[in-house]
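A short worksheet on the structure shown next.
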Amino acid sequence: MDLTLSEPYQALQAEIRAFVADYGHLSPKLGGGRKRPDQKTLDWQKRLLEHGYVGRTIPQEYGGAGRQPDIMEASVIASEFARANIYAGLTNQGISMLVPTLLEVGTDEQKRDYVGPTIRGDIIWCQGYSEPGNGSDLANAQTKAELKDGHWIVNGQKIWTSSAHYADMMFLLCRTEPNASKHEGLSYLLLSMKSDGLDARPLKTMTGRSEFNEVFFTDVKVPETQIVLGRGKGWYVANITLKHERLMLGDAGKTNARLEQLISLLSKTEIDGVPLIRMPEYRDRLLRLQGEVLAWKAHNLRLLTEAAQGIDSGVKRAIVKYGGTMLGYRLSSLAVDALGSAGLPYESLGEDAEDDDATTWNIDYMYDVGLMIGGGSSNIQKNIIGERGLDLPREPKFVAGMR
Ligand SMILES: Cc1cc2nc3c(=O)[nH]c(=O)nc-3n(C[C@H](O)[C@H](O)[C@H](O)COP(=O)(O)OP(=O)(O)OC[C@H]3O[C@@H](n4cnc5c(N)ncnc54)[C@H](O)[C@@H]3O)c2cc1C
């Protein structure tokens, strides 16, 4: 197989290398990314948008570069940013999950109002899906919205809502059709986090930081037009968003970038003057992970090819979420081992801890455990792969009184 890049892709590669040489020093630090983006990150995002390195295939009228999807271009851009160890642009629930959902099923007005500001990082979104009694069983969501005088009146509670403490907007899955079946009774609303009656209370994760929240709704008013696709279509829309969430969480470009960071860490960390990357116990683990990341990139390219051909990748996306988050966790596990005693400063990881190498890897290591649960737990992904991909019998349903 000839893996040489053809001429247009070589030109793109050269263009990005020139960009990195000119502007690379302005890149924000890698890692973290679970706080509201600072001005440096917003400026960088704007620069990437101007060059079409992010938002590349989003139509120009909605703030993107309006290019045709091209998997080789996407792959060259991701590889060059990973190789240069610089920030490849914001990924968050708005950019990676809501924007593609609105582009697929939003109204023209919703696309105009939200896509541009979201990809610029000016609007930060959070995802209101999980509830205290309904996480894996998402279709059972009980937060309700009733239509009265041109507004949805929302009452109920969400939980584990990442970023809600600094988000501007929420996409919310709620029950609007109480008499319809479980799946057909849901709708998908877009609402301001500044709404009266909305109370977001931060919860700490084991990183020691407040990364998600419980959110309470008491008669929160949302304009009637802030519904996506229509009444009772929430389950359909929520699944479009979930499809993109699973791809975001297992993203091969990000995994590759973390591998490059790990190689850099193992190269500069020494014991008795010998870099860890030269020591067999570290090199063996690294090589194994490197092989898996390569396989991961190939799987990702297959999905991108199918997407470009309009083929629904179906269950292969669940594999991305399941495998990508496991791989991410193993990458950060090796980093934490390599950091030795610096890999254990659990007590010191306060809200404002400086994001140096050790802090970033430590936080990633702990947060990666959460990523195997968020967006649908690994168990649920395995059910999907087994039942829908391998035609295995369905999991027995829990029956009250059964032990
Ligand atoms: C870091 C993090 C960030 C998150 N961010 C968000 C967010 O922004 N917005 C949001 O809405 N939610 C968010 N969540 C919530 C997440 O989506 C839920 O935690 C997840 O879907 C699991 O739901 P649950 O916690 O209610 O667990 P449960 O559904 O109660 O599951 C408990 C355990 O039982 C297992 N289980 C449940 N059902 C089955 C089954 N049928 N077969 C086999 N095993 C099963 C699960 O795998 C899990 O191990 C986040 C979670 C984490 C950890």
Side-chain angles (χ1 to χ4, degrees), residues 32-36 91-98 101 124-143 154 156-175 182 186 188-191 193 198 200-217 234-235 237-246 248-250 318 321-322 324-326 328-329 332 363-388 392-399 402:
R34 290 183 292 276
K35 293 178 180 169
R36 193 166 179 114
T91 48
N92 56 34
Q93 293 178 327
I95 293 175
S96 309
M97 294 157 54
L98 181 73
T101 304
I124 302 294
W125 292 82
C126 61
Q127 174 192 35
Y129 278 18
S130 305
E131 297 181 357
N134 307 295
S136 300
D137 188 11
L138 181 61
N140 203 25
Q142 296 300 320
T143 294
V154 184
Q157 186 198 341
K158 295 289 170 179
I159 196 166
W160 318 130
T161 321
S162 302
S163 329
H165 49 307
Y166 61 77
D168 306 295
M169 300 282 298
M170 171 187 276
F171 47 95
L172 171 79
L173 187 63
C174 57
R175 193 155 296 281
K182 179 166 139 178
L186 296 166
Y188 190 104
L189 304 183
L190 309 174
L191 60 106
M193 292 299 286
L198 189 153
R201 301 181 195 163
L203 297 167
K204 279 193 167 48
T205 66
M206 68 175 163
T207 64
R209 295 182 172 181
S210 302
E211 285 166 324
F212 48 30
N213 302 260
E214 44 186 358
V215 182
F216 297 86
F217 303 83
W235 183 244
V237 182
N239 273 284
I240 298 176
T241 309
L242 269 180
K243 165 176 91 179
H244 293 289
E245 179 169 20
R246 289 175 182 156
M248 171 185 81
L249 293 173
K321 202 275 160 173
Y322 172 66
T325 51
M326 300 286 268
Y329 176 68
S332 45
I363 289 188
D364 280 352
Y365 174 65
M366 287 183 273
Y367 198 77
D368 284 346
V369 177
L371 292 187
M372 293 190 267
I373 302 168
S377 71
S378 290
N379 292 343
I380 295 296
Q381 305 311 305
K382 284 198 260 185
N383 282 356
I384 295 173
I385 295 163
E387 292 168 13
R388 293 189 218 155
L392 294 174
R394 287 187 71 80
E395 276 286 293
K397 285 257 176 277
F398 174 78
V399 179
M402 186 175 82

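Every number for a ligand or one of its atoms is a count from 1 in the order of the listing.
With hydrogens left out, the protein atom closest to atom 34 (O) of ligand 1 is Asn379 ND2, 4.9 Å, a heavy atom. Closest protein heavy atom to atom 15 (C) of ligand 1: Ser130 OG, 3.2 Å. The protein atom (non-hydrogen) at minimum distance from atom 24 (P) of ligand 1 is Gly135 CA, 3.9 Å. Nearest protein heavy-atom neighbour of atom 47 (O) of ligand 1: Ser377 OG, 2.5 Å. Protein heavy atom in closest approach to atom 30 (O) of ligand 1: Ser136 OG, 5.0 Å. Of all protein heavy atoms, the one closest to atom 9 (N) of ligand 1 is Gln127 O, 2.8 Å. Closest to atom 13 (C) of ligand 1, if we only count protein heavy atoms, is Trp160 O, 3.0 Å. Distance from atom 20 (C) of ligand 1 to its nearest protein heavy atom, with residue and atom name: Ile373 O, 3.6 Å.
Using a 4.5 Å heavy-atom threshold, the side chains of Ile373 and Trp160 count as separate.
For the residue pair Thr207 / Glu211, a side-chain donor-acceptor distance below 3.5 Å is found, with atom types taken as modelled. Judged purely by distance below 3.5 Å, without hydrogens or angles, the side chains of Thr241 and Thr101 pair a donor atom with an acceptor atom. With no hydrogens or angles considered, no side-chain donor-acceptor pair links Asn213 and Thr161 at under 3.5 Å. Under 3.5 Å, the side chains of Gln381 and Asn379 contain no donor-acceptor pair of N or O atoms.
Proximity of Asn383 to ligand 1, defined as any heavy-atom pair under 4.0 Å, is confined to the side chain (atoms from C-beta onward).
Note that atom 3 (C) of ligand 1 has protein non-hydrogen atoms nearby, at separations under 4.0 angstrom. Note that atom 32 (C) of ligand 1 has no protein non-hydrogen atoms nearby, at separations under 4.0 angstrom.
Note: Phe171 and Tyr188 have parallel aromatic rings, judged against thresholds of 30 and 60 degrees for the angle between ring planes.
For the pair Asp137 and ligand 1, the shortest N or O to N or O distance does not fall below 3.5 Å. Between Tyr129 and ligand 1, an N or O atom pair is found at a separation short of 3.5 Å.
Less than 4.0 angstrom separates some heavy atom of Ile380 from each of these atoms of ligand 1: 38 (N), 39 (C), 40 (C), 41 (N). Short contacts between ligand 1 and Gln93, defined as distances under 4.0 Å to a heavy atom of the residue, involve ligand atoms 7 (C), 8 (O).
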